[in-house]
Amino acid sequence: MASAAAKQAPKIVSKASAGGAGAAGAGGGPPIMPLASPLMGKKKKPFLGMPAPLGYVPGLGRGATGFTTRSDIGPARDANDPVDDRHAPPGKRTVGDQMKKNQDDDDEDLNDTNYDERKLAEVSEEEWLSIPEVGDARNKRQRNPRYEKLTPVPDSFFSKHLQTGENHTTVDPLQGLGGLNTPYPGSMTPGLMTPGTGELDMRKIGQARNTLMDMRLSQVSDSVSGQTVVDPKGYLTDLNSMIPTHGGDISDIKKARLLLKSVRETNPHHPPAWIASARLEEVTGKLQVARNLIMKGTEMCPKSEDVWLEAARLQPGDTAKAVVAQAVRHLPQSVRIYIRAAELETDVRAKKRVLRKALENVSKSVRLWKTAVELEEPEDARIMLSRAVECCPTSVELWLALARLETYENARRVLNKARENIPTDRHIWITAAKLEEANGNTQMVDKIIDRAITSLRANGVEINREQWIQDAEECDKAGSVATCQAVIRAVIGIGIEEEDRKHTWMEDADSCVAHGALECARAIYAHALQVFPSKKSVWLRAAYFEKNHGTRESLEALLQRAVAHCPKAEVLWLMGAKSKWLAEDVPAARSILALAFQANPNSEEIWLAAVKLESENNEYERARRLLAKARSSAPTARVFMKSVKLEWVLGNIEAAQELCTEALKHYEDFPKLWMMRGQIEEQCENMDKAREAYNQGLKKCPHSVPLWLLLSRLEERVGQLTRARAILEKARLKNPQSPELWLESVRLEFRAGLKNIANTLMAKALQECPNSGILWAEAVFLEARPQRKTKSVDALKKCEHDPHVLLAVAKLFWSERKITKAREWFLRTVKIEPDLGDAWALFYKFELQHGTEEQQEEVRKRCENAEPRHGELWCAESKHVLNWQKKTGEILAQVASKIKNTF
């Protein structure tokens with residue numbers, strides 16, 4: 001202890017001196033007097049040397065605090081405590097050695113033999129269970145450690161807080177007591193922030209990630225046995241593609257600039273390096289730097305066309321002219337530089353002067369001659385072309401241009417000379433044929449084309465059939481009909497197997513029609529009819545072509561030839577008769593049908609056509625006689641049906657019923673007769689007889705969907721909703737997967753106001769008929785307005801080319817007042833299915849509301865040409881007995897007038 005006290009003495013003295021007299025006073029000894037200082041004044045303060053007051057703490061007024069030392073409070077142990085000689089030599093320790101011995105004794109007591117000495121075996125079970133459990137001294141957080149959870153923060157969080165300008169209020173440990181770290185907006189990585197706004201560009205983050213991944217993949221793929229494969233020709237192109245277009249990609253710009261600088265220094269005579277460097281500076285807005293670089297490039301690569309052209313592009317007007325002039329001195333044979341020099345001139349005379357100077361140096365350039373000729377007047381151009389063909393005798397374009405400017409005789413000489421110089425080009429021959437046709441020598445056209453084929457083959461030229469047909473189409477569009485037809489006749493059979501001729505020629509004709517080359521198609525049909533004069537299908541396609549694209553006279557002339565070669569083709573006779581009837585030449589139509597009768601006796605089609613001709617022209621008695629003769633000589637279900645229909649529309653209900661009864665005796669399995677019988681009874685308000693007729697018809701024709709629909713609507717009309725529903729359910733059992741029956745069931749519930757049941761039925765219907773267009777079209781408008789667009793997308797996925805779905809989409813755009821889109825979808829619908837009358841009616845109604853008179857008239861004409869016969873709304877009007885004599889245009893207007901914009 002004495003030694004320890006001795007060691008602590010200096011510390012106590014120093015602290016006492018530092019703390020002042022208070023520390024000494026606290027120890028009870030006399031105060032330590034301060035040493036005299038020569039700086040102190042001669043007059044001493046009166047309190048110096050006096051004892052400090054009780055409780056005095058030096059410096060307390062200026063914020064200092066007192067402290068206590070071991071000497072102030074005495075020793076840390078009691079006098080009776082054992083001496084701690086842990087620091088004594090090992091042999092003289094007492095406390096430490098005794099503790100180690102006790103520990104060794106404890107280790108020895110842990111074996112099984114000492115348990116008896118502790119009398120553990122005598123402990124009863126109750127005493128053992130009463131021993132308290134050892135508690136867990138750890139706190140709740142230590143006992144139940146919770147792993148740190150990191151929740152991903154969405155991009156919108158960062159974007160929102162960056163936009164609102166929130167600042168961080170956390171102390172940065174690296175700043176010490178310097179204050180709070182308040183980063184300003186835009187202080188992040190330059191490439192990820194939008195400059196000046198502080199907005200985090202998430203799109204660029206995604207792009208950067210993808211770019212980084214691509215670079216890593218490229219490095220892996222390019223690494224072959226430790227060596228990196230680099231394309232020496234493509235790396236500059238890659239550098240060009242790396243030039244950023246975004247103002248914030250500063251780091252990328254610096255990298256590209258550094259790489260290009262390295263390329264320039266490594267290979268200063270490499271033109272693409274200078275061009276890429278200049279374009280980089282141009283993109284970054286440093287136009288003057290770009291100009292300086294490219295001019296340096298012209299010094300290093302004076303023989304590079306591309307460098308000079310790039311320099312001319314970057315320099316302003318007059319400077320660019322000087323650059324081009326300098327380029328011409330270095331590259332006097334460069335056509336591109338001369339063309340650029342001419343483009344820089346604004347005056348036409350200056351352009352001509354530049355080009356003529358160029359032709360003096362490069363007289364073999366076809367491009368220079370063509371550019372120069374385009375600037376000249378016709379007479380000067382002819383003179384220049386005469387010189388051009390001497391300098392460039394192998395240029396077909398120059399020869400043909402000269403021939404076009406010459407007179408007829410001179411043009412013939414020019415073309416003959418062109419054939420001598422270029423015996424392998426077909427265009428010269430075709431131009432010669434067009435020249436002869438233009439001057440009225442049509443008999444020479446075929447000879448020239450035939451000679452062309454022979455000459456070209458003699459010179460080893462392969463006759464490419466497709467190329468010649470394309471040339472014929474160009475002749476057709478240029479108005480050279482005779483040349484076009486001559487080319488078609490000459491090449492149409494080249495390279496085709498005999499058994500493939502008909503199929504190939506029909507495809508060629510369709511292709512020509514699609515390209516607008518109608519005379520080519522007509523020539524193909526004419527040639528095909530010469531080869532296949534007895535083929536009804538070829539005559540029929542030619543007739544339809546003339547009907548759609550020709551005149552009435554050409555159609556009738558073709559049909560006369562057709563029936564002469566194919567007298568048994570009823571459809572050709574009927575087309576001829578209809579053409580005469582549409583031209584209001586009824587006697588001619590009758591004579592054609594009479595000839596048709598002679599060629600095809602007892603033909604149902606011809607009988608009915610004759611009846612229609614007479615009935616349409618109000619010759620009802622003649623029509624009745626024809627039908628009576630047809631029933632006796634050629635009785636068929638259709639003849640009887642037309643007989644009933646004639647009497648019905650004329651108002652002879654009793655005669656119609658009698659004929660219907662007679663017809664059903666012979667053709668009881670013909671559903672249209674039962675339908676007509678029921679409709680006649682409905683018209684007479686005999687609902688029970690109508691129901692009976694429909695029920696009898698369904699017994700004979702259980703798979704006739706229209707019969708089921710008529711019976712269901714009859715019950716609905718008389719108020720028997722439950723019975724109508726039961727009939728439709730029975731119909732669906734008899735005719736599974738019938739979209740029409742499902743549609744009627746849905747509409748029945750909808751009309752009854754049970755929209756929920758209608759939606760349920762529609763879901764079942766789409767499960768059973770997932771590809772039914774009429775069901776999907778109805779499903780679109782069963783939805784609420786916000787869901788209709790989604791439903792229409794689903795419908796298009798299932799039925800992409802169904803006209804009903806396309807029509808529903810058009811109606812949807814119409815309801816949203818998207819006029820242009822609605823018109824596009826209407827056009828698409830009538831193009832894909834011109835026989836759908838409902839589409840034409842809705843289209844016409846749409847144009848009446850939103851289109852011009854020209855657009856309305858166009859829809860009406862197209863509908864009349866298409867002659868639609870199907871469609872729910874259309875058939876309801878066209879097959880009504882009161883509208884039986886109305887033409888297509890009248891039916892169109894009538895259906896459109898009844899359409900309500902309830903969608």
Side-chain angles (χ1 to χ4, degrees), residues 232-237 239-240 260 263-264 267-283 287-376 380-381 383-399 401-402 422:
K233 295 182 179 178
Y235 72 97
L236 284 172
T237 308
L239 288 176
N240 282 335
L260 289 170
V263 173
R264 293 196 310 270
N267 190 359
H269 301 290
H270 189 52
W274 297 98
I275 296 172
S277 301
R279 289 182 180 175
L280 173 63
E281 301 301 338
E282 181 189 11
V283 168
L287 189 57
Q288 190 56 47
V289 176
R291 289 170 180 168
N292 295 339
L293 275 171
I294 201 64
M295 293 309 296
K296 180 69 174 176
T298 59
E299 296 175 6
M300 303 304 295
C301 310
K303 298 297 182 181
S304 172
E305 232 181 19
D306 294 328
V307 172
W308 285 109
L309 290 173
E310 185 70 13
R313 186 183 69 82
L314 290 173
Q315 296 292 350
D318 294 335
T319 311
K321 291 180 183 179
V323 169
V324 171
Q326 192 176 355
V328 168
R329 286 194 293 272
H330 285 91
L331 298 166
Q333 300 295 318
S334 173
V335 174
R336 292 170 61 196
I337 291 177
Y338 280 118
I339 296 291
R340 180 61 181 161
E343 290 173 354
L344 288 172
E345 299 291 343
T346 55
D347 185 27
V348 177
R349 295 164 67 181
K351 287 178 182 287
K352 291 179 182 179
R353 187 168 58 251
V354 170
L355 290 171
R356 287 176 181 174
K357 180 69 174 177
L359 288 170
E360 291 178 5
N361 293 322
V362 194
S363 61
K364 301 290 184 182
S365 171
V366 177
R367 184 180 178 186
L368 282 175
W369 280 110
K370 287 171 63 178
T371 308
V373 167
E374 287 173 357
L375 298 175
E376 301 292 341
D380 294 335
I383 299 170
M384 187 171 283
L385 282 169
S386 301
R387 174 62 180 162
V389 294
E390 294 176 6
C391 297
C392 307
T394 58
S395 172
V396 177
E397 293 176 282
L398 295 178
W399 283 108
L402 178 60
I422 316 170

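Quick note: numbers below take in every heavy atom, side chains included, and nothing from hydrogens, waters or symmetry partners. Counting from 1, the numbers follow the sequence of the chain as shown.
- Looking at Glu281 and Arg291, no side-chain N of the basic residue comes within less than 4.0 Å of a carboxylate O on the acidic one, giving no salt bridge.
- Separation of atoms CZ (Arg279) and CG (Leu260) is listed at 12.0 Å; rounding is to 0.5 Å.
- Of the possible polar contacts, none joining the His270 side chain to the Arg264 backbone as a donor-acceptor pair under 3.5 Å is found.
- Contact record, Cys391 with Trp369: SG-CZ2, 3.8 Å, taken as the closest heavy-atom pair.
- Considering all non-hydrogen atoms of both residues, Glu282 and Leu287 come closest at CG-CD1, 4.2 Å.
- Between the side chain of Lys303 and the main chain of His330, a donor-acceptor pair closer than 3.5 Å is present.
- Of all heavy-atom pairs spanning Cys392 and Lys364, the tightest one is SG-O, 3.4 Å.
- In terms of modelled atom types and a separation under 3.5 Å, the side chain of Asn267 and the main chain of Val263 share no donor-acceptor contact.
- In this structure, Leu280 CG and Ile275 CD1 are separated by 14.0 Å, a value rounded to the nearest 0.5 Å.
- One distance of note links CG of Leu344 with NZ of Lys351; it measures 8.0 Å at 0.5 Å rounding.
- More than 12 heavy atoms of other residues, nucleotides or ligands lie within 6.0 Å of NZ in Lys321, so this atom counts as buried by the packing criterion.
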Discussion item. Test salt bridge (Lys or Arg N to Asp or Glu O under 4.0 Å) on Glu390 and Arg387; report intermediate values, then the result.
Written reply: CA-CA 5 Å; Glu390 294 176 6; Arg387 174 62 180 162; 3.4 Å; yes
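- In this structure a side-chain-to-backbone donor-acceptor pair under 3.5 Å is present from Tyr338 to Pro332.
- Here the closest heavy-atom approach between residue Val307 and residue Pro271 is recorded as CG2-CB, 3.5 Å.
- Contact between Ala312 and Ala320 at its shortest, heavy atoms only, is O-CB, 3.4 Å.
- A donor-acceptor pair under 3.5 Å links the side-chain atoms of Trp308 to the main chain of Pro302, judged by distance alone.
- The CZ atom of Arg353 sits 7.0 Å away from the CD atom of Glu345 when rounded to the nearest 0.5 Å.
- Between atom CD1 of residue Ile294 and atom CD of residue Gln315 there is a gap of 9.5 Å, rounded to the nearest 0.5 Å.
- One finds a salt bridge joining Glu343 and Arg340 here, because a Lys/Arg side-chain nitrogen approaches an Asp/Glu carboxylate oxygen to under 4.0 Å.
- Between Leu355 and Ala372 the shortest heavy-atom distance is CD1-CA, 3.8 Å.
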Practice prompt. Show your working on side-chain contact (heavy atoms from CB on, under 4.5 Å) between Thr298 and Val323 and close with a plain yes or no.
Written response: CA-CA 9 Å; Thr298 59; Val323 169; 5.5 Å; no
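- Within the model, atoms OG of Ser363 and CG of Leu368 stand 10.0 Å from one another, a figure rounded to the nearest 0.5 Å.
- For Lys296, the NZ atom counts as loosely surrounded, since its 6.0 Å shell holds 12 or fewer non-hydrogen atoms of other residues, nucleotides or ligands.
- A 4.5 Å side-chain heavy-atom check between Arg336 and Asp306 finds at least one atom pair inside the cut-off.
- Not one N or O on the side chain of Trp274 forms a donor-acceptor pair closer than 3.5 Å with the backbone of His269.
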